[in-house]
Amino acid sequence: MITPIDQSFFNKPTLQLSKDLLGCRLVHLMDNIVISGRIVETEAYMGPVDRAAHSFQNRRTKRTEIMYHEAGLIYTYQMHTHTLINIVSGNIDCPEAVLIRAIEPIDGIDYMIQMRNNQPISNLTNGPGKLTKAMNITMSSYGQKSWEPPVFIAEGTKPHAISSGPRIGIENTGEARDYPWRFWITDNPFISRK
DNA sequence: AAGCTGATGGTCT
DNA sequence: GACCATCAGCTTG
């Protein structure tokens, strides 16, 4: 049995949380199988002041609603045909979030390979859409607590070093394009891009 | 009501 | 490198 992290873990500035999540485990406890991986890449989305964030200028819709609630809740959304998973951050009414972009598989690797159509291990979870597919994380996680099963964060192993740089896939967002709000474990082979 | 835009990934050339 | 799946939300009318 893997113990979920304490809810108080999420109570910190979003950029700090983005870094602290590196090395933690993302776990999906299903009926007959445990799926888990080590978080190796994240991105911070800083809400009202961040052109690249869905909640830029406090945009509040059915989709972004959950970001206006307590830190540690799960924000899932559909990107084209894929589901992406974020952890809500910031105080109530401060709509920030951390996108989980890549994990290193730990438990349930055979299951992940199946879910990913027999892709090699190096290509199972090295991207935000890939890891949700591999771990069978869907929109049903929207608004759920990430400090309780079935989908939750658990303690992991501290990264030896952390790198940072511009975020991925937000070329048309003005100044926000260059903010170094992507974080990854230095030299980890499972990050989404080099 | 219609058209555009993605925090993506697979497939094809 | 180009194309595309597919949908919430924004823009324009």
Side-chain angles (χ1 to χ4, degrees), chain A residues 13-15 17-19 21-22 26 37 39-69 71-90 94-105 111-143 146 151 153 162-185 188-194:
Chain A
T14 297
L15 293 177
L17 181 62
S18 303
K19 288 181 274 192
L21 279 169
L22 295 175
L26 177 63
I39 298 172
V40 299
E41 181 180 351
T42 60
E43 280 180 3
Y45 285 87
M46 301 298 286
V49 299
D50 180 2
R51 280 192 82 80
H54 293 155
S55 50
F56 177 55
Q57 290 181 331
N58 279 306
R59 195 160 63 204
R60 187 164 185 163
T61 64
K62 184 170 184 168
R63 180 174 68 156
T64 63
E65 176 62 30
I66 202 63
M67 284 195 276
Y68 293 82
H69 293 253
L73 294 176
I74 296 173
Y75 170 41
T76 47
Y77 76 97
Q78 299 287 144
M79 178 56 176
H80 294 261
T81 52
H82 308 285
T83 302
L84 274 59
I85 184 169
N86 301 251
I87 304 299
V88 172
S89 181
C94 187
E96 301 175 346
V98 179
L99 170 67
I100 299 176
R101 284 197 57 90
I103 64 161
E104 175 175 341
Y111 178 90
M112 293 195 224
I113 291 171
Q114 204 176 315
M115 292 300 286
R116 293 273 297 128
N117 283 321
N118 294 311
Q119 291 289 318
I121 292 182
S122 61
N123 193 37
L124 285 183
T125 55
N126 56 334
K130 296 178 188 178
L131 74 90
T132 54
K133 183 84 186 297
M135 296 185 71
N136 196 21
I137 292 171
T138 67
M139 286 302 292
S140 65
S141 290
Y142 183 93
S146 75
V151 176
I153 303 294
I162 293 174
S163 301
S164 64
R167 292 170 292 180
I168 302 289
I170 54 163
E171 296 302 306
N172 301 315
T173 54
E175 296 292 307
R177 187 185 53 161
D178 303 318
Y179 298 162
W181 289 345
R182 173 184 176 226
F183 304 96
W184 65 93
I185 297 179
N188 187 283
F190 292 90
I191 61 173
S192 63
R193 298 198 201 175
K194 295 209 170 79

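Quick note: numbers below take in every heavy atom, side chains included, and nothing from hydrogens, waters or symmetry partners. Values in this document were obtained by computation on a predicted structure and should not be read as measured data. Lettering of chains follows the sequences in order, A, B, ..., and the numbering in each one begins at 1.
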Please classify the nucleic acid contact of A:Arg63 as base, sugar-phosphate, or nothing, using heavy-atom distances under 4.0 Å.
sugar-phosphate

Decide yes or no for A:Ile39 and A:Ile153: does some side-chain heavy atom of the first lie under 4.5 Å from some side-chain heavy atom of the second? yes

Assign A:Arg116 to base, sugar-phosphate, or nothing according to its heavy-atom contacts below 4.0 angstrom with the strands shown.
sugar-phosphate

message = Using only atom types and a distance under 3.5 Å, with no angle test, would you say the side chain of A:Glu104 pairs donor to acceptor with the backbone of A:Val40?
response = no

Looking only at heavy atoms, the pair that brings A:Tyr45 and A:Ile170 closest together is OH-CG2, 4.2 Å

_If I pick the P atom on B:dA7 and the same atom on C:dT11, what distance separates them, to the nearest angstrom?_
15 Å

Provide the distance between the two P atoms, one in C:dG13 and one in B:dT5, to the nearest whole Å. 15 Å

Worksheet item: Contact class for A:Lys133 vs. all strands (heavy atom < 4.0 Å): base, sugar-phosphate, or nothing?
Response: nothing

- Message: Taking any heavy-atom pair under 4.0 Å as a contact, classify A:Ile170: base, sugar-phosphate, or nothing.
- Response: sugar-phosphate

Contact span of DNA chain B against chain A, any nucleotide atom under 4.0 Å from a heavy atom, 5' to 3', runs B:dG6 to B:dG10

query: Are A:Leu26 and A:Leu131 close enough that some pair of their side-chain heavy atoms sits under 4.5 Å apart?
result: yes

Note: chain A reaches DNA chain C at heavy-atom distances under 4.0 Å over the stretch, first to last nt, 5' to 3', of C:dA5 to C:dC10

May I have the list of side-chain donor-acceptor pairs in residues 79-88 of chain A shorter than 3.5 Å, sequence neighbours left out?
{"from": "A:Thr83", "atom 1": "OG1", "to": "A:Gln78", "atom 2": "OE1", "distance (Å)": "3.2"}
{"from": "A:Asn86", "atom 1": "ND2", "to": "A:Tyr75", "atom 2": "O", "distance (Å)": "3.2"}

Here the salt bridge (charged side-chain N to carboxylate O under 4.0 Å, His left out) pairs for residues 49-62 of chain A, sequence neighbours left out, are A:Asp50-A:Arg167, A:Arg60-A:Glu65, A:Arg60-A:Asp93

Of all heavy-atom pairs linking A:Ala71 and A:Gly90, the shortest is CB-O, 3.7 Å

Closest non-hydrogen atoms of A:Thr14 and A:Ala44, given as atom of the first, atom of the second and distance, are CG2-CB, 4.1 Å

Between A:Met79 and A:Asn123, whichever has its closest DNA chain B nucleotide further toward 5' is A:Met79

Symbol by symbol from the 5' end, with Watson-Crick or G-U pairs under 3.5 Å, [ ] crossing and | another strand, DNA chain B is ||||||.|||||.

Taking C-beta and beyond as the side chain, do A:Ser192 and A:Arg182 meet within less than 4.5 Å on heavy atoms?
-> yes

Closest heavy-atom pair, A:Phe183 versus A:Ser18, reported as atoms and distance to 0.1 Å, is CD1-CB, 3.6 Å

Using the P atoms only, state how far C:dC3 lies from B:dC4, rounded to an integer number of Å. 15 Å

Residue pairs meeting side-chain hydrogen bond (donor to acceptor under 3.5 Å, both in side chains), one or both in residues 125-139 of chain A, sequence neighbours left out, come to A:Tyr111-A:Asn136, A:Asn123-A:Lys130, A:Asn126-A:Lys130, A:Thr138-A:Ser140

Would you classify A:Asn86 as touching base, sugar-phosphate or nothing, given that sugar-phosphate means primed atoms plus P, OP1 and OP2, and contacts are heavy atoms under 4.0 Å?
base

